[in-house]
Amino acid sequence: MTEQLADLTRPYEPQAVERRTYAFWERLGYFTPTIDPTRRPFVIAIPPPNITGALHTGHALTFTIEDILIRWHRMLGDPALWLPGTDHAAIATEYLVKQALAQEGLTKEALGRRTFLGHAWEWKAQYHGIIVEQMKRLGVSVDWSRERFTMDEGLSRAVRTVFVRLYDEGLIYRGEYMGNWCPGCKTVVSDLEVQHRDEEGELWYLRYPLAADPSRGIEVATTRPETMLGDTAVAVHPDDARYKDWIGQELELPLVGRRIPVVADAAVDPAFGTGAVKVTPAHDPTDYAIGKRHELPTIEVIGADGVMTAAAGRFQGLDRMAARAEVVEALRQAGALIRTEPYNHAVGHCQRSDDVIEPRISLQWWLKVEPLAGPALEAVRDGRITIIPDRFTKVYTNWLENLHDWAISRQLWWGHQIPVWTCADCGRVLVQIDNATACPGCGGKRLEQDPDTLDTWFSSALWPFSTLGWPEQTADLAYFYPTTVMETGYDILFFWVARMVMMGLHFMGEAPFRTVYLHGMVRDAFGRKMSKTKGNVVDPLDLMDQFGTDALRLSMVTGNSPGNDLRFSEQRIEAGRNFANKLWNAGRFALSYRPPEHSPEAAPLELPERWILSRARAAQREVTRLLEQFQLGEAARAAHDFFWGEYCDWYMEMVKARVLDAAPAGSAARQRGTAAQRTLLDVLEQSLRLLHPFMPYVTEELWQHLRQCRPSLPESVALAPWPSGASAPPNGSASGVAGDGDGAAEEAMAALITTITVLRNYRAEHGIEPTQKLTVAAGAIPGLPNNGYLLEVLANASLVATPGPGPLVKLLVGTAELTIATSSDLPAERARLEAALAEAANEASRARAQLGQPGFVDRAPAAVVAKARERLSLAESHQRRLEAQLAELLG
RNA sequence: GGGCGAUUAGCUCAGUUGGUUAGAGCGUCUGCCUUACAAGCAGAAGGUCAUCCGUUCGAGCCGGAUAUCGCCCACCA
């Protein structure tokens, strides 16, 4: 890619390099790992984006986190597989396709199943293409050769296999039970797909007269008066003294005239309402249970489409909402409405269409979850699976401990059609993996497949193993299962994560992943959830166009921790862009730096080189440690701080200080220049590797430039070894001191840096013009004699053996004392000394207080006590010297 | 009705084995177009870490309570 490199003399334009860089990576083919039995692979199965639309910032967050982990592990040398794919998102996609068709005045019923599915596949193709493009732009290093789709052939076979096995094991059963019905989507949905919202409603009090004596009656309270048409009993608590005599009596249902019994059932809360509850077994889960216990008839008055049925009598044909008003009015006229009161209660809505969910009895396929939930709980309890952050462990276990059976069938067309056939001739039911062609019972050929499809999460639950080839025993499956990390949003902990654990354990005998890393939700700048209706959705592509991918990625991980929501704003991403820009500029400085009369021979490393190399290793260790703990934001910050705050702000400035040192050939300065050039590139090279997982594009671009002067480097930074900071860097490049840290260099340089800072402060506080040099006595500061040029350039000071004549000022730098010749006037100097003295006295008294705490010296660790003593002695010495200085000044 | 999270600088947030001087980005103020970068450089101001009680020699961090905001779960009509 040499010929296409961005111009180093020009500002960085991320957009210009991103596409070709991704293509370059793809050409190298290293996103496809090689199976190496001697190494444990690092595997992430991508949370497959729904093909419902383009990607949003939530995807940018997921993919950024996963890409950081994958790139890091790839650099560590692990066979790293990130397996991509997309999800058919049954109900969501069908809903959108139906809406799109509605624009053209078409309905799925009019088109028929086959044609409708054709449209859905077209939709899938379109959005799949968009999603793939967006993912590539984001830089995701997934293995495209293994890409899957939940409805492709292999995964469909996995779904059927699972269904059949669970059926054979008796875990899947079919039956008429009460489920959550969405009249808009015209399908049953699972408990999880119902979103409860508190709504202001009313509580209507109705009077049901005693059949034998209409002058007496029983009052019931309801939030859903329209369902009274389907009432088949009134229930009271068995111990409720008020109603003892009513139990077993018959009431006459107003408007309908039906005779209904009063039954006693413990499910009734005597304290609520009137203590008597109308029972509508066809339209309420509790009533349904009561109905079962008392063998009450069920009368369906609301149909599948939310419209009143024939059983609703004169209300037939009315929408359920309209029916409510009509029924209330009729009850009022009949004198059966006693009163109403305002009432807040939770109303279930369809996650997809937002329609009010209707509890409804229908024939569905169900999955018994209890036998699956136990092992899933155990896997987390015994630590085979770790959830990050830990607090979600409890959420996970609470949910699994209170699971109801899962309604897995859907009255939808888009999805995996249930592999169950009924023989039209003999009525035999076939549950099998392959399409049924002939009835084994009667030989009949008229087999009808169950028209329903499976819940989209049924197939997602198999993702970690179905994508690796299961039910075939493939090499991929043997090597890459179980996956390592499941990274996803906490919002689908139940929908997806828990179900993957259940299925993985059941079918593979091993948990599908070791670590669950849950990220938070991306919210807008005001903390609101992003939604299309609010119009606050941010398109990641726009952001990448505007700021660059690296900037977007960085803004996704910095200043955030696992499980916490992320408030997104353009200001955050600007900071990322600035850093990418910094990186680019630092790179071009390092790459273009030529010391005067550059000579290639090795030169000894001096203090600044030893220092920055030691600091680089420290940063690498820190970043590694943080990544190991999944503290990605902190890791990015540590890398950022090292690069900007130490390499750029200090080391590069130190290097520049030498260029100005016009020294004759063969002099020390000449030597320094050579060592500096080498070190500048060494640390750049290490930094590119360190930052690459976070900012793949700039680092790759600079890497390619770096390779022009160091051709032995790996052809991509993505393939370079991870800088662990443990020892000397590889590739034979100069590394300075071997080992972990160069304590002596760090200490000496810290003293110099403090000195320079003290001088800069002094200049700023005293308003000393940049043109004016400070005259400073050399000697007192460790490292100063040999590195005086640093002080001269970075603090704009001129070093002399003995300062003066004229007024002298002594600045305290740690235990040392820096003497500068200055024109500072007496009042200003006095003020400075007094302020410093006050501070030193303050510090001393704080240290004294700590040491004086009863028990401190005895109970605190020796190191802490020693530190406090050191603090005290330094503060006291400062105090004494400042007092002396003050006395001298005044006296 | 349960459970969880948040509360730290003007704003957005870090702060993961409790050590006395709590950090970053953005914003603000001062001075600099110093030939890598003004998307920058050098400085500065700004916090009784929501409140109360406790544990401890020592608490932003551990325990308890309270307040405010947010989220999740839940078949009381």
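As a basis for the values below, the full set of heavy atoms in this structure was taken, side chains included, without hydrogen atoms, waters or symmetry mates.
The same atom, P, is picked in G70(B) and in U30(B); the two are 39 Å apart, to the nearest Å. Comparing the P positions of G3(B) and U66(B) gives a spacing of 12 Å, expressed to the nearest Å. C32(B) and U21(B) have their P atoms separated by 36 Å, given to the nearest Å. Across A24(B) and G47(B), the matching C1' atoms stand 14 Å from one another, rounded to whole Å.
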Base-pair map of RNA chain B as dot-bracket, where | denotes pairing with a different strand and pairs are Watson-Crick or G-U under 3.5 Å: (((((((..((((.....[...)))).(((((.......))))).....(((((..]....))))))))))))....
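Within the nucleic acid shown, Trp204(A) has no heavy atom closer than 4.0 Å to any nucleic acid atom. Within 4.0 Å (heavy atoms only), Met652(A) reaches at least one base atom of the nucleic acid. Among the protein residues, Asn761(A) comes within range of the sugar-phosphate backbone only, with heavy atoms under 4.0 Å from sugar or phosphate atoms but none that close to a base. Within 4.0 Å (heavy atoms only), Pro770(A) reaches no atom of the nucleic acid at all. Residue Asn564(A) is in sugar-phosphate contact alone, with no base atom involved, counting any heavy-atom pair closer than 4.0 Å across all strands shown.
For the salt bridge (charged side-chain N to carboxylate O under 4.0 Å, His left out) test, residues two or more places apart in sequence or in another chain that qualify with Asp641(A) are Arg637(A). Residues forming a salt bridge (charged side-chain N to carboxylate O under 4.0 Å, His left out) with Arg324(A) (at least two apart in sequence, or on another chain): Glu226(A). Here His705(A) pairs with nothing under the side chain to side chain donor-acceptor pair (under 3.5 Å) rule; sequence neighbours left out. Applying the ring-ring contact (aromatic ring centres under 6.0 Å, His included) test to Tyr647(A) and every residue at least two apart in sequence or in another chain returns Phe643(A). For Trp399(A), the ring-ring contact (aromatic ring centres under 6.0 Å, His included) partners two or more places apart in sequence, or in a different chain, are Phe494(A). Partners of Asn344(A) according to the side chain to side chain donor-acceptor pair (under 3.5 Å) rule, which considers only residues two or more places apart in sequence or in another chain, do not exist here. Taking Tyr490(A) as the reference, Phe392(A) meet the ring-ring contact (aromatic ring centres under 6.0 Å, His included) condition, with sequence neighbours excluded.
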Just the atom pairs and distances: protein N or O near nucleotides 20-26 of chain B's N or O, under 3.5 Å.
{"from": "U20(B)", "atom 1": "OP2", "to": "Lys867(A)", "atom 2": "NZ", "distance (Å)": "3.4"}
{"from": "U20(B)", "atom 1": "O2'", "to": "Arg871(A)", "atom 2": "NH2", "distance (Å)": "3.1"}
{"from": "U20(B)", "atom 1": "N3", "to": "Gln850(A)", "atom 2": "NE2", "distance (Å)": "3.1"}
{"from": "U20(B)", "atom 1": "O4", "to": "Gln850(A)", "atom 2": "NE2", "distance (Å)": "2.7"}
{"from": "U21(B)", "atom 1": "OP1", "to": "Arg871(A)", "atom 2": "NH1", "distance (Å)": "2.5"}
{"from": "U21(B)", "atom 1": "OP1", "to": "Arg871(A)", "atom 2": "NH2", "distance (Å)": "3.4"}
{"from": "U21(B)", "atom 1": "OP2", "to": "Arg846(A)", "atom 2": "NE", "distance (Å)": "2.6"}
{"from": "C26(B)", "atom 1": "O2'", "to": "Gln571(A)", "atom 2": "OE1", "distance (Å)": "3.1"}
{"from": "C26(B)", "atom 1": "O2'", "to": "Gln571(A)", "atom 2": "NE2", "distance (Å)": "3.1"}

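Residue Arg391(A) places none of its side-chain N or O atoms closer than 4.0 Å to OP1 or OP2 of C4(B).
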Reading 5' to 3' through nucleotides 69-77 of chain B, protein heavy-atom contacts under 4.0 Å coded B for base, S for sugar-phosphate only, - for none: ----S-BBB
Name the atoms and distances for all side-chain donor-acceptor pairs under 3.5 Å in residues 268-281 of chain A, with sequence neighbours left out.
{"from": "Asp269(A)", "atom 1": "OD1", "to": "Ala271(A)", "atom 2": "N", "distance (Å)": "2.9"}
{"from": "Thr274(A)", "atom 1": "OG1", "to": "Glu219(A)", "atom 2": "O", "distance (Å)": "2.5"}
{"from": "Thr274(A)", "atom 1": "OG1", "to": "Ala276(A)", "atom 2": "N", "distance (Å)": "3.3"}
{"from": "Thr274(A)", "atom 1": "OG1", "to": "Ala276(A)", "atom 2": "O", "distance (Å)": "3.3"}
{"from": "Lys278(A)", "atom 1": "NZ", "to": "Thr227(A)", "atom 2": "OG1", "distance (Å)": "2.7"}
{"from": "Lys278(A)", "atom 1": "NZ", "to": "Asp231(A)", "atom 2": "OD1", "distance (Å)": "3.0"}
{"from": "Lys278(A)", "atom 1": "NZ", "to": "Thr280(A)", "atom 2": "OG1", "distance (Å)": "3.0"}
{"from": "Thr280(A)", "atom 1": "OG1", "to": "Asp231(A)", "atom 2": "OD1", "distance (Å)": "2.6"}

Please list every donor-acceptor pair under 3.5 Å in which a side-chain atom of residues 841-853 of chain A meets a protein atom from a residue at least two apart or in another chain.
{"from": "Asn842(A)", "atom 1": "OD1", "to": "Arg846(A)", "atom 2": "NH1", "distance (Å)": "3.3"}
{"from": "Glu843(A)", "atom 1": "OE1", "to": "Arg846(A)", "atom 2": "NH2", "distance (Å)": "2.9"}
{"from": "Glu843(A)", "atom 1": "OE2", "to": "Arg871(A)", "atom 2": "NH1", "distance (Å)": "3.0"}
{"from": "Ser845(A)", "atom 1": "OG", "to": "Asn842(A)", "atom 2": "O", "distance (Å)": "2.9"}
{"from": "Arg848(A)", "atom 1": "NH2", "to": "Glu876(A)", "atom 2": "OE2", "distance (Å)": "3.3"}
{"from": "Gln850(A)", "atom 1": "OE1", "to": "Arg871(A)", "atom 2": "NH2", "distance (Å)": "3.2"}

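Side-chain to base pairing of Lys582(A) with A39(B): no donor and acceptor N or O lie closer than 3.5 Å to each other.
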From CA spacing to verdict: salt bridge (charged side-chain N to carboxylate O under 4.0 Å, His left out), Arg293(A), Asp265(A): CA-CA 9 Å; Arg293(A) 286 193 284 270; Asp265(A) 197 288; 2.9 Å; yes
